[in-house]
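Written out below as structure tokens is the structure these notes cover.
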Protein chains: 2
Amino acid sequence: MTDPEPTHDIEAVFREKGIPFTRQRRLIWDFFAGADRAATITEAADGLRSEGVGQATVYRTVALLGDLGLLARVQDRSGEICYTAPPIGHSHPLICGVCRRVVRFDGDGDVKELEARLSAATGFSIYGHHLEVYGICPDCRREEGAQA
Amino acid sequence: MTDPEPTHDIEAVFREKGIPFTRQRRLIWDFFAGADRAATITEAADGLRSEGVGQATVYRTVALLGDLGLLARVQDRSGEICYTAPPIGHSHPLICGVCRRVVRFDGDGDVKELEARLSAATGFSIYGHHLEVYGICPDCRREEGAQA
DNA sequence: CAGCGGTTGAGAACGGTTCTCACACGTCGT
DNA sequence: ACGACGTGTGAGAACCGTTCTCAACCGCTG
């Protein structure tokens with residue numbers, strides 16, 4: 001069941017839910033999914049303006065994709081809110097705080113166990129978690145070292 | 001070194017850094033530290049207006065406390081941004097998505113190991129992580145069950 | 001007690017996000 | 001094929017949370 005190229009299934013996800021997958025939505029999705037690093041809404045809007053995509057649509061679509069679990073919100077070292085397209089399924093981002101490059105990893109094994117413990121200890125019914133790891137990627141570290 | 005009542009050390013934290021601990025800052029700190037659930041900036045500003053604390057000061061102080069690591073940003077199930085005062089030291093919040101009650105736990109054992117693996121695998125130098133667990137507390141679950 | 005740096009409050013300014021509304025598009029029924 | 005309808009879209013206005021400005025204030029220090 002683990003799809004090697006889940007990105008292409010987006011259209012199927014929309015179809016299943018009966019949500020139209022329009023030209024604009026495809027463009028916005030491609031923008032985030034095609035980037036190897038997290039991007040802000042403003043960047044997406046700027047980048048897609050020439051394609052005739054309005055910023056209201058970018059906001060709406062990012063919210064929609066977020067609801068569908070297709071876009072994760074992260075932030076860079078300066079605190080700026082960015083979005084990054086995860087592959088379908090559950091994974092966590094390792095983000096370079098400088099260039100916002102995102103590497104995804106599966107840390108659920110570690111977290112699931114923790115959640116079970118927490119649930120038992122507190123009586124909470126746990127419905128989710130949010131795990132991001134921040135670091136500086138090798139490239140940026142080299143640059144920071146150089147200019148320091 | 002583990003302080004049983006670290007909350008009272010806030011003043012010391014400020015003093016050490018040479019930052020004045022003013023009346024307003026104390027009120028704002030008490031507001032968050034005294035609550036057993038996460039609160040929004042607006043709530044704090046509303047609650048402290050009668051004490052003569054301006055909203056600009058609330059914003060400034062929340063940012064300051066955040067920088068000092070004394071306030072953590074979380075969000076409830078509706079996505080609203082809230083702040084919660086962690087005890088000094090590293091811990092993670094388990095948040096009730098409905099009433100925003102916060103239970104803190106130490107999940108670092110689980111994460112540290114993961115970070116080491118990630119660092120080795122990717123070459124990133126890891127400087128931090130963000131882990132929150134979301135659930136519904138027993139009280140809210142009872143209520144949701146009742147009205148459903 | 002005067003001087004001085006840092007903090008504060010009120011209100012203005014700013015900017016990101018959402019809303020409004022007319023129009024375009026695609027779908028479905030006829 | 002055609003027309004009505006529901007939905008999505010773009011431009012711009014409106015909104016609202018956040019930040020900035022600036023004069024007044026406070027608590028130090030000498």
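Nothing here was measured: the structure is a model prediction, and the numbers come from that model.
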### Message
Please evaluate residues Glu43(A) and Arg100(A) with respect to the criterion salt bridge (Lys or Arg N to Asp or Glu O under 4.0 Å), reporting the C-alpha separation (whole Å), side-chain torsions for both, the decisive distance (0.1 Å), and the verdict.
### Response
CA-CA 13 Å; Glu43(A) 287 165 357; Arg100(A) 306 202 299 233; 2.5 Å; yes
### Query
Pick one: which of Ile19(B), Ile10(B), Leu65(B) meets side chain to side chain contact (heavy atoms under 4.5 Å, CB included) with Arg25(B)?
Ile19(B)
#### Entry: Residue whose closest nucleotide on DNA chain C lies nearer the 5' end, Ile19(B) versus Ile41(A)
Ile19(B)
### Message
Once you measure the plane-to-plane angle for His130(A) and His130(B), does it fall in the parallel (<30°), tilted (30-60°) or perpendicular (>60°) bin?
### Response
perpendicular
### Query
Mapping Glu51(B) and Ala56(A) to their closest nucleotides on DNA chain C, which lands nearer the 5' end?
Glu51(B)
#### Entry: Residue Pro20(B), side-chain atoms from C-beta onward, closest of dG6(C), dC20(D), dT18(D)
dG6(C)
#### Entry: Nucleotide of dT18(D), dT18(C), dG10(D) approaching Gln24(A) most closely (side-chain heavy atoms)
dG10(D)
### Selected nucleotide, minimal atom distance to Gln55(A) side chain, candidates dG8(D), dT18(C), dG9(C)
dT18(C)
### Task
Output the single nucleotide from dT18(D), dG10(D), dG8(D) whose closest atom is nearest the side chain of Tyr59(B).
dT18(D)
### Query
Are any of Thr57(A)'s side-chain N or O atoms less than 4.0 Å away from OP1 or OP2 of dG10(D)?
yes
### Task
Please work out whether the ring planes of Phe32(B) and Tyr83(B) are parallel, tilted or perpendicular, with thresholds of 30° and 60°.
perpendicular
#### Entry: Base dG10(D) paired with Arg60(A) side chain (donor-acceptor, <3.5 Å)
yes
